[in-house]
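Worksheet: one structure, shown below.
Predicted model, so just to flag it, every value in this text is computed and none were measured. Heavy atoms only: backbone and side chains are in, while hydrogens, waters and symmetry mates are out.
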Amino acid sequence: MSEVVKIKGLKTGLQLSFAKGASFEDIQADLQNKLESGDKFFIRGTTVFVQKGYFSEERNEKLRRMFHRHGMLFSDELKNPAMLPISKIPKRETQSQTQKTLIVNKTVRGGQEIRAEGSVMIFGNVNPGAQVIAGGNIDIRGTCRGSVHAGAFGDTTACVVADRLMPMQIQIADILARSPDDLEMPDHAEKASIKDGRIVIDAVSR
């Protein structure tokens with residue numbers, strides 16, 4: 001059988017899809033394995049979506065309890081157009097939104113979230129547990145240790161720049177990555193962007 005559970009980034013969380021013919025028991029076991037192995041997609045506070053009506057309410061409740069034990073939310077309301085995969089958002093919308101820049105003159109602390117339709121510039125740190133989501137670029141004049149998502153409406157040309165780039169999780173458009181646990185503090189500014197279908201980090205000068 002092909003991969004039982006497939007994961008795709010959404011503007012509001014993660015979308016799950018399943019291999020044709022996979023039983024609920026197979027799906028449940030694969031998800032449990034991913035959760036227990038610390039899969040890079042599954043972080044606390046994330047909402048996980050499945051197609052409305054795909055499972056019975058009884059099975060939805062089993063999945064809801066499973067994700068809740070790992071600090072995550074579960075929803076079967078994927079029917080909402082606002083929750084379509086990022087790649088399905090029209091590019092023209094991205095182009096109009098990324099012309100604006102939100103300026104944040106403070107450190108973004110754990111538990112706080114910054115959202116913007118366009119780009120974001122932060123004069124301060126992004127602490128662990130904080131989240132920054134932007135339709136355009138993210139520029140952090142400080143240390144980034146939280147979660148950042150640039151190009152949230154599907155802009156694959158977006159980037160993340162920080163004086164010290166050490167995010168817990170970084171996403172650009174629908175490409176997602178996590179930093180290794182043993183990542184050392186860089187001594188220069190860095191830029192994350194998409195190249196050849198994956199996120200790469202390059203040194204930059206300010």
- Item | Backbone N/O of Asn125 and side chain of Thr107: donor-acceptor pair under 3.5 Å | yes
- Item | Ring centroid separation Phe49 to Phe74 under 6.0 Å | no
- Sub-3.5 Å donor-acceptor pair from the side chain of Arg164 to the main-chain atoms of Pro186, do we have one? yes
- Task: Answer whether the closest heavy-atom distance between the side chains of Lys8 and Asp174 falls below 4.5 Å.
- Result: yes
- Passes salt bridge (charged side-chain N to carboxylate O under 4.0 Å, His left out), Asp139 versus Arg141? Steps please. CA-CA 7 Å; Asp139 189 344; Arg141 301 301 174 117; 3.2 Å; yes
- Query: Can you get from Val161 to Ile175 by hopping between Ile, Leu, Val, Met, Phe, Trp and Tyr side chains that sit under 4.5 Å apart?
  - Reply: no
- Task: State, to 0.1 Å, how close Gln171 and Leu176 come at their nearest heavy-atom pair, and which atoms those are.
- Result: OE1-CD1, 3.4 Å
- Are Phe67 and Leu31 side-chain neighbours, meaning at least one heavy-atom pair lies under 4.5 Å? yes
- Nearest 0.5 Å please: distance from the CD1 atom of Ile122 over to the CD1 atom of Ile140. 5.0 Å
- Query: Looking only at atom types and distance, does a side-chain atom of His149 sit under 3.5 Å from a main-chain N or O of Ala173, one as donor and one as acceptor?
  - Reply: yes
- Message: Main chain of Glu58, side chain of Glu61: is a donor-acceptor contact present, judged purely on distance under 3.5 Å?
- Response: no
- Query: Going from CD1 on Ile194 to SG on Cys159, what distance comes out if it is rounded to the nearest 0.5 angstrom?
  - Reply: 10.5 Å
- Item | Other ILVMFWY residues reachable from Ile103 by side-chain steps of under 4.5 Å | Met121, Phe123
- Which atoms form the tightest heavy-atom contact between Ile133 and Ala152, and what is the distance? CG2-CB, 3.7 Å
- Nearest-0.5 Å distance, CG of residue Asp30 to CZ of residue Phe18: 9.5 Å
- Message: I'd like to know if the side chain of Asp163 reaches the main chain of Gly142, judged simply by a donor and an acceptor atom lying under 3.5 Å from each other, with no hydrogens or angles considered.
- Response: yes
- How long is the gap from OG on Ser205 to NZ on Lys191, to the nearest 0.5 Å? 11.0 Å
- Nearest 0.5 Å, what's the NZ-OG distance between Lys62 and Ser56? 8.0 Å
- Distance-only polar pair, side chains of Gln32 and Gln28, donor-acceptor under 3.5 Å: no
- Could you pull out the closest heavy-atom pair between Asp76 and Glu57, with the gap in Å? OD2-OE1, 4.4 Å
- Note on the structure: Rounded to the nearest 0.5 Å, the CD atom of Glu113 sits from the CD atom of Gln131 at a distance of 4.5 Å
- With Ile27 as reference, evaluate Leu16, Val5, Val50 under the side-chain contact (heavy atoms from CB on, under 4.5 Å) test and give the passing residue. Val5
- Heavy-atom pair with the smallest gap, counting every atom of Ala162 and Cys144: CB-CB, 4.1 Å
- Nearest non-hydrogen partners of Met168 and Pro128, listed with the distance: SD-CA, 4.0 Å
- Looking only at heavy atoms, which two atoms of Lys195 and Asp202 are closest? And how far apart? NZ-OD2, 2.9 Å
- Query: Knowing that exactly one of Val160, Ile170, Ile172 qualifies, which makes a side-chain contact (heavy atoms from CB on, under 4.5 Å) with Ile138?
  - Reply: Val160
- Those residues that, when tested against Ile114, pass side-chain contact (heavy atoms from CB on, under 4.5 Å) (two or more places apart): Leu102, Val104, Val108, Val120, Val132
- Message: Is it the case that the side chain of Ser119 and the backbone of Asn137 share a donor-acceptor pair, with hydrogens and angles ignored and the cut-off at 3.5 Å?
- Response: yes
- Task: Report the relative orientation of the aromatic rings in Phe55 and Phe24; use parallel for angles under 30°, tilted for 30 to 60°, perpendicular for over 60°.
- Result: perpendicular
- Task: Look only at the side chain of Arg145 and the backbone of Pro167, and say whether a donor-acceptor pair between them is shorter than 3.5 Å.
- Result: no
- Does a salt bridge link Glu36 with Arg69, judged by any charged N lying under 4.0 Å from a carboxylate O? no
